[in-house]
Trainee: 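One structure coming up, written as structure tokens, with questions to follow.
Every chain is numbered from 1 and lettered A, B, ... according to where its sequence line falls, protein lines coming before strand lines. For clarity, every value in this text was computed on a predicted model and none was experimentally measured.
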Amino acid sequence: MIKKILIANRGEIAARIIRTCKKMQIATVAVYSEADKDAPYIHMADESYLLGPPPVKDSYLHVDKILDIATTTQADAIHPGYGFMSENSTFAKKCEEKEIIFIGPTAKILEQMGDKITARNVMQDAGLPIIPGTTEVIVNTDEAIKKAKEIGYPIMLKASLGGGGIGMQIVQDEAELMKVFMNHSKRAETFFGDGSMFIERVLENARHIEIQLLADTYGNVIHLFERDCSIQRRNQKVVEEAPAIFVSEKTRLKMGELAVRAAREIGYTNAGTIEFLVDEQENFYFLEMNTRIQVEHPITEEITGIDIIEEQIRIASGKPLTYKQEEIQKQGHAIEARIYAEDPETFFPSPGTITHYEEPSGDHIRLEAAVKNNSQVTPFYDPMIAKLIVYGKTRNEAIRRMQQALEAYKVEGIKTNIPLLIHIMNNATFNTGNISTHFINEQF
Amino acid sequence: MNEIKASMAGNMWKIVVAVGDKVEAGEDVAILESMKMEIPISAEQPGTVKEIKVNEGDFINEGDVILTIE
């Protein structure tokens with residue numbers, strides 16, 4: 001069994017991982033940048049080390065420094081969390097060279113699923129339906145125009161190495177495509193180091209539904225049901241819920257089965273998520289695979305009672321899965337709201353100092369926070385400062401609990417999206433469940 | 001002379017104009033990156049870019065002057 005884990009991440013997810021490590025009596029090493037020197041997670045770890053200045057290339061993406069600290073502290077594993085190094089195959093390979101366990105799938109899988117075009121092709125071969133679109137990279141506007149004509153407008157333009165909603169845009173017609181293609185390609189080059197793009201058909205009124213998977217190194221794969229993550233802004237999730245009760249049980253089971261089969265087919269290991277778009281007729285299409293723990297994993301934990309981080313660590317230690325598929329039960333309904341430091345109307349970021357901070361508490365309220373009173377929210381990293389998770393026997397009960405918890409959550413000194421989240425919980429369309437990925441755009 | 005200031009702290013990702021360029025009111029002159037988001041900075045009044053005070057890649061604070069327009 002793994003005895004000591006270095007957490008190559010920050011904020012709420014670092015705190016979340018440390019919590020499970022403590023439960024499993026595993027020692028922890030935290031790393032941090034100068035911008036995070038007062039962050040709560042640092043004090044939770046058994047040891048902590050400064051990586052360097054705030055920019056990510058000097059801190060959380062500084063591969064050699066992180067590996068040096070892991071070696072010096074004799075950590076036998078690294079948990080990458082989400083973002084940063086979590087889907088970086090080069091990093092996973094370097095861990096292997098240093099005989100440090102990378103808590104995640106193999107470098108080969110990270111490579112395949114990180115390139116979105118390869119992922120589409122591999123998953124189609126593994127039996128998943130994919131959204132009609134291009135099977136090869138597009139590098140110039142002329143090619144894009146030709147392909148878009150074949151697929152039919154509106155189209156979704158995406159970066160091949162993209163993620164997190166960056167480098168993605170719906171394009172309505174040829175004139176717009178001519179205007180934006182090179183811009184997005186250049187942006188992808190800057191953010192991901194590769195300007196290759198691809199095109200998919202746009203599915204109208206689709207929901208984002210994803211299947212949580214666990215796979216051990218003995219070929220056992222199970223799913224922990226699904227999550228509905230349709231409430232998004234700028235193609236990033238804002239509210240997630242589990243189970244996805246507005247899709248029929250039959251379709252959801254089918255998605256789970258196909259996802260398990262595909263994961264087994266590609267030789268997947270550790271925790272992962274296959275994301276789908278589901279249209280009004282309940283046709284579903286592979287969107288992408290996230291080869292890491294996800295931000296919204298707690299809602300699955302709440303309805304199944306399984307600690308996904310614990311399973312990740314057990315799998316990485318070479319243990320077989322704790323559960324068989326038929327032992328996985330779900331109960332009740334869970335909702336997560338992501339608390340972003342941003343203007344609730346324009347969605348522009350709002351860095352600054354938190355001058356007053358009061359957390360909600362109560363039965364079935366779980367808060368995973370990265371901040372406290374007087375915390376500095378810096379411009380260097382993602383705007384998510386916390387996740388609020390509630391559980392209820394029914395969806396209505398969960399919504400009511402979320403309303404109350406949001407009303408009780410006080411964050412002053414910076415702007416947050418809490419007012420928007422309250423509006424969402426009170427919104428009639430949200431309450432009836434008739435939502436798609438365009439919900440925020442259409443309703444607010 | 002009109003100073004164009006940063007609306008929030010962040011990294012100067014791109015300056016899209018050069019000294020001597022004519023800009024319209026509302027036209028983007030620079031793009032700031034903050035919390036993994038691109039924030040366009042636009043000119044409030046029309047004019048000619050007189051001086052650029054920051055470099056791409058610089059970290060700038062809220063209220064820092066990015067460039068001046070005449």
Trainee: Using non-hydrogen atoms only, which part of A/Tyr340 is less than 4.5 Å away from chain B: side chain, backbone, both, or neither?
Mentor: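 The answer is neither part of A/Tyr340.
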Trainee: May I ask you to list the residues in residues 55-66 of chain B that approach chain A closer than 4.5 angstrom, counting heavy atoms only, ordered by number?
Mentor: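 Expected list: B/Phe59.
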Trainee: Answer yes or no: are there more than 12 heavy-atom neighbours, outside A/Glu345 itself, under 6.0 Å from its atom CD?
Mentor: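 No, CD of A/Glu345 has 12 or fewer neighbouring heavy atoms, counting only those of other groups under 6.0 Å.
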Trainee: Does A/Lys372 NZ have over 12 foreign heavy atoms under 6.0 Å away?
Mentor: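 More than 12 heavy atoms, drawn from other residues, nucleotides or ligands, come within 6.0 Å of this atom.
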Trainee: If contact means a heavy atom pair closer than 4.5 Å, which residues of residues 5-35 of chain B contact chain A?
Mentor: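 The stretch touches chain A at B/Met8, B/Ala9, B/Gly10, B/Trp13, B/Ser34, B/Met35.
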Trainee: Select all residues of residues 38-53 of chain B having any heavy atom within less than 4.5 Å of some heavy atom of chain A, and report them by number, or 'none'.
Mentor: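 Answer by number: B/Glu38, B/Ile39, B/Pro40.
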Trainee: Which answer fits A/Phe348, side chain, backbone, both or neither, if we ask what part of it has an atom under 4.5 Å from a heavy atom of chain B?
Mentor: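 Both backbone and side chain of A/Phe348 come within 4.5 Å of chain B.
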Trainee: For the CE atom on A/Met178, are there more than 12 heavy atoms of other groups (residues, nucleotides or ligands in this structure) within a distance under 6.0 Å?
Mentor: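 Count not over threshold, so no.
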Trainee: How about A/Lys116: does its NZ atom have over 12 heavy atoms from other parts shown lying under 6.0 Å from it?
Mentor: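 Atom NZ in A/Lys116 is packed in, count exceeds 12.
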Trainee: Go through the structure and list residues passing salt bridge (charged side-chain N to carboxylate O under 4.0 Å, His left out) with A/Glu342, not counting sequence neighbours.
Mentor: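 So A/Glu342 forms a salt bridge (charged side-chain N to carboxylate O under 4.0 Å, His left out) with A/Arg233, A/Arg234.
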